[in-house]
Amino acid sequence: MTTSGESSVQRPGLRAEIEDTLAYLTCSLVARRTRATPERVTWQQYDVLELLRLRGPMTPSVLSESLGVSRQTMSKALRILKDQELVEQSAQSEDKREQTTSITLCGHQFLARAARGRRENARVVEDVLSAAEQAAFVELCGKVANALNAAPPPFPLRDL
């Protein structure tokens with residue numbers, strides 16, 4: 001949607017600049033996150049940890065349903081997180097086959113470091129942008145994130 005004075009026609013090369021800028025920002029954020037959290041947790045594994053932090057202990061089937069991935073994919077993610085001692089599983093009292101997954105102390109420490117990394121990134125942004133630029137940054141990033149989340153995927157999704 002455009003407002004008066006805006007053009008929906010992009011200048012030649014502007015799309016490539018947008019692509020390059022998004023790629024550079026993504027690379028920068030991933031690199032900073034990797035330095036803050038050297039455990040090499042994937043985004044999907046990070047989502048598992050955040051969901052457990054927000055909602056408390058859950059079964060793998062509830063986790064897989066909540067994150068929209070197959071049970072097999074969730075089992076693999078949980079196996080890696082268990083190997084890294086970021087989550088633990090215990091049998092439920094009634095059905096010993098179904099495990100409840102919860103975050104370990106190491107998992108909480110990992111999430112705390114990730115949060116500190118996000119806060120440090122925010123401080124860097126605050127230092128380099130004026131108050132007006134910060135407000136525009138927040139608005140534009142939110143607008144772009146919402147549009148990306150609402151847009152159909154550019155290629156068929158696959159269960160990783």
Closest non-hydrogen atoms of R119 and A112, given as atom of the first, atom of the second and distance, are NH2-O, 4.5 Å
Output yes when R123 and E126 qualify as a salt bridge under the 4.0 Å nitrogen-oxygen rule, no when they do not.
no
P57 and S102 have their tightest heavy-atom pair at CG-CB, 3.9 Å
Heavy-atom nearest pair, A77 first then Q45, reads CB-CG, 4.1 Å
task = Check the hydrophobic clustering (I, L, V, M, F, W, Y; side-chain heavy atoms under 4.5 Å; chains of links allowed) and say if F110 and M58 are grouped together.
result = yes
If you count the non-hydrogen atoms of other residues, nucleotides and ligands that lie under 6.0 Å from CD in E65, is the total more than 12? no
Here the gap from T42 atom OG1 to I80 atom CD1, rounded to the nearest 0.5 Å, amounts to 7.0 Å
**OP:** Would you please test L63 and L52 for side chain to side chain contact (heavy atoms under 4.5 Å, CB included) and show each step?
**Re:** CA-CA 8 Å; L63 279 165; L52 290 169; 4.0 Å; yes
- Query: Between L49 and L67, is there a shared hydrophobic cluster once you connect ILVMFWY residues whose side-chain heavy atoms come closer than 4.5 Å?
  - Reply: yes
Distance col, row C141:SG vs L25:CG, nearest 0.5 angstrom, shows 7.0 Å
For R33 and T37, the nearest pair of non-hydrogen atoms, with its separation, is O-OG1, 2.7 Å
When rounded to the nearest 0.5 Å, the distance separating CD of Q99 from NZ of K82 is 6.5 Å
One should read off an interatomic distance between N146 CG and K143 NZ, to the nearest 0.5 angstrom, of 10.5 Å
CZ (R71) and CE (M74) are apart, to the nearest 0.5 Å, by 9.0 Å
Give a yes or no on whether V128 and F137 share a hydrophobic cluster (residues Ile, Leu, Val, Met, Phe, Trp, Tyr; joining criterion: side-chain heavy atoms under 4.5 Å apart). yes
Exercise for the section: Let me see the working for L51 and D47 under side chain to side chain contact (heavy atoms under 4.5 Å, CB included), right down to the final yes or no. Expected result: CA-CA 6 Å; L51 193 58; D47 288 346; over 6 Å; no
Between the CG atom in L81 and the CD atom in E88, the distance rounded to the nearest 0.5 Å is 12.5 Å
(Q) A quick test of your reading: do over 12 heavy atoms of other residues, nucleotides or ligands sit less than 6.0 Å from CZ of R118? (A) yes
Looking only at heavy atoms, the pair that brings Q134 and L129 closest together is NE2-O, 2.9 Å
Backbone of E85 reached by a side-chain donor or acceptor of T104 within 3.5 Å:
yes
| task | Check whether any side-chain heavy atom of P60 sits under 4.5 Å from a side-chain heavy atom of T101, and report yes or no. | result | yes
Could you see if V62 belongs to whatever hydrophobic cluster contains V87? Use Ile, Leu, Val, Met, Phe, Trp, Tyr and a side-chain cutoff under 4.5 Å.
yes
Residues V41 and Y46: closest non-hydrogen pair is CG1-N, 3.4 Å
Decide whether L14 and L22 are clustered together by the hydrophobic rule: side chain heavy atoms of Ile, Leu, Val, Met, Phe, Trp, Tyr closer than 4.5 Å, transitively. yes
